[in-house]
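The next block holds one structure in the form of C-alpha cells; read it before the comments.
Within every chain, numbering begins at 1; the chains are lettered A, B, ... in the order of the sequence lines, protein sequences first and strands thereafter. Here the structure is a predicted model, which is why all the values come from computation and not from measurement. Note that these values count all heavy atoms, side chains included, but never hydrogens, waters or copies made by symmetry.
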Number of protein chains: 2
Amino acid sequence: MTSQTELNHYSSEHNHNQCVSLALSTAQSLCNERGVLLTTIRYQVLTLIWESHKAVKAYELLDRLRPLQAAAKPATIYRALDFLIEQGLIHRVESLNAFVGCRCSDQQHEQLLLICKLCEQVDERPAPEVMSALLDESKQAGFMIHSKAIEIHGICIHCRTK
Amino acid sequence: MTSQTELNHYSSEHNHNQCVSLALSTAQSLCNERGVLLTTIRYQVLTLIWESHKAVKAYELLDRLRPLQAAAKPATIYRALDFLIEQGLIHRVESLNAFVGCRCSDQQHEQLLLICKLCEQVDERPAPEVMSALLDESKQAGFMIHSKAIEIHGICIHCRTK
DNA sequence: AGGTAATTGTTATATTATTACATCAGAACT
DNA sequence: AGTTCTGATGTAATAATATAACAATTACCT
Ligand SMILES: [Zn+2]
Ligand SMILES: [Zn+2]
Ligand SMILES: [Zn+2]
Ligand SMILES: [Zn+2]
C-alpha cells in the first residue's frame with residue numbers, strides 16, 4: 001500500500017493537504033534537530049511556497065506574505081528564502097528565478113528538476129543514474145563538485161495526455 | 001597529434017587566439033548556412049564573450065561594447081545575446097545570469113557545464129552518459145524534454161592543483 | 001526605385017536581489 | 001534585575017538584471 005503523499009503530484013489521488021503537512025512537520029523536526037529557528041516568518045513563507053507544486057517568484061511570495069506580515073519588504077522574503085535554501089527545505093529553480101518546496105529535505109537534497117512549461121509544476125527526482133553519471137564525468141574532469149543545478153524544461157505527462 | 005584548440009582551456013598549451021578564431025569562423029559559417037545575419041553588433045558581442053572562457057554578465061558586456069558602439073543600451077546587448085543563444089553560439093549560464101561561448105555550436109549544443117568558483121571558467125562537456133541517463137529518467141517520468149540546463153559548481157582541476 | 005522584413009535606436013519601466021544600519025527579542029551570564 | 005551577546009527583523013535605499021513599446025534605419029527582393 002502506497003501512502004498518498006508518495007504519489008506523484010500529477011496523480012488525481014495526490015492529497016496535497018497531507019503533502020503540505022508532511023513537508024511542514026519535516027521542516028520543523030529538521031530545524032529542531034539542527035538547533036536553528038523556524039520562525040513565524042520563515043514558516044509562513046514555507047507554507048506559501050507549499051501552496052502548490054509550482055515554482056513561485058520572490059515578489060509573488062512577498063505579495064502573498066503581506067496580508068500576514070504588514071511590514072514585509074524584499075529583504076524579509078529573501079532572508080527567509082536564504083534560510084530555507086540553506087536548510088534544504090526548498091529548491092531555487094535557477095532557470096526561472098523561482099522557488100519550490102523540497103519533498104526530500106531529509107534525504108539527498110540535490111535533485112533533477114522536471115519543469116513543465118504548461119502547468120509550471122516542478123517534479124523533483126533523485127535520478128540516481130543521472131547523479132552517478134555526473135559524478136563519473138566530474139571525476140574524469142578532475143572537477144570537485146560543490147553544488148548542482150539540473151533543470152529540464154518540457155511538458156509533463158499530465159499536460160501531454162490531457 | 002592533437003590540435004591546440006581541442007585542448008582543454010585549462011591546459012597551458014591552450015592557444016586561445018586559435019580557439020577564438022575557430023569559434024568566430026564557425027559562427028560565421030553557421031549563420032551563412034542558415035541565412036541569418038551575423039551583424040557587426042552581434043559579431044562584436046560574440047567576440048567580447050570569447051575574450052575568455054569565463055561566464056560574462058550582460059551589463060559587463062555592455063560596458064565593454066560601448067567603446068565600439070557608443071549608442072549601446074541594455075536592449076542592444078540583450079538582443080545580441082538572444083540571437084547568439086538562438087543560434088546556439090553561446091550558452092546562458094542560468095545559475096549565474098551570465099553567458100559563455102559555446103565550443104561545439106556545430107554539434108549537439110546542450111551540454112554539461114562545469115563552473116569553477118575560483119577561476120570562473122566554464123568547461124562544457126557533451127557528457128553522453130549523463131545525457132542518456134537524463135533521457136531515460138525523463139522517459140520514465142513521461143516527460144517531453146524541450147531544453148536542459150545542467151550546471152555543476154565547484155573547483156576545476158587547474159584551481160585544485162595549483 | 002519601391003515594398004517588405006529584419007535590425008537597430010531610444011526611452012522608459014519592470015523584475016529580481018542586495019546592502020547598510022537601526023531595532024528588537026531571547027539566551028547566557030553576573 | 002541588569003548586562004551583554006547573538007540572531008532575527010524593520011526599514012530605506014539602491015544595485016543588478018531584463019523587457020516593452022515605438023520610431024528610425026538598413027538589408028533584401030522584386
Ligand atoms: Zn502536493
Ligand atoms: Zn504540466
Ligand atoms: Zn580558448
Ligand atoms: Zn578554476
| said: Please report the distance, rounded to the nearest Å, between OH in A/Tyr59 and P in D/dT17. | reply: 14 Å
| message | For A/Lys139, is the NZ atom crowded, meaning more than 12 foreign heavy atoms sit under 6.0 Å from it? | response | no
| Would you say A/Arg42's side chain and A/Phe83's backbone share a donor-acceptor pair under 3.5 angstrom? | no
| task | Would you kindly compare B/Ala75 and B/Leu96 by the position of their nearest DNA chain D nucleotide and give the one closer to the 5′ end? | result | B/Leu96
| said: With hydrogens left out and only the distance checked, is there a donor-acceptor pair under 3.5 Å joining B/Arg79's side chain and the base of C/dG9? | reply: yes
| Between D/dA18, D/dA8, C/dT8, which one does the side chain of B/Ala58 approach most closely? | D/dA18
| field | Spacing of B/Arg92 atom CZ relative to D/dA18 atom P, expressed in whole Å | value | 5 Å
| Flag, side chain of B/Arg125 to backbone of B/Leu114, donor-acceptor distance under 3.5 Å | no
| field | Between C/dT16 (P) and B/Glu94 (CD): distance, integer Å | value | 14 Å
| request: Take the angle between the ring planes of B/His53 and B/Trp50 and call it parallel below 30°, perpendicular above 60°, tilted in between. | output: perpendicular
| task | Please state how far atom NZ in A/Lys57 lies from atom C1' in C/dA14, giving the value in whole angstrom units. | result | 12 Å
| Given side chains that start at C-beta, do those of A/Gln111 and A/Cys104 come closer than 4.5 Å, heavy atoms only? | yes
| request: Report the nucleotide, chosen from D/dG10, D/dA8, C/dT8, that has the shortest atom-to-atom distance to any side-chain atom of A/Gln69. | output: D/dG10
| said: Rounded to whole Å, how long is the line connecting atom CD1 of B/Ile77 with atom P of C/dT8? | reply: 12 Å
| Closest to side chain of A/Pro74, choosing from C/dT18, C/dT8, D/dG10 | C/dT18
| Roughly how many Å is it from CZ in A/Phe99 to C1' in C/dT15, rounded to a whole number? | 13 Å
| In whole angstroms, how far is the C1' atom of D/dA21 from the NZ atom of B/Lys73? | 16 Å
| task | Verify the contact: side-chain N or O of A/Asn97 to OP1 or OP2 of C/dA17, cut-off strictly under 4.0 Å; return yes or no. | result | yes
| request: For A/Leu68 and D/dT9, give me the distance from atom CG to atom C1', rounded to whole Å. | output: 16 Å
| said: Among C/dA17, D/dT9, D/dT19, which nucleotide has an atom closest to any side-chain atom of B/Tyr78? | reply: D/dT19
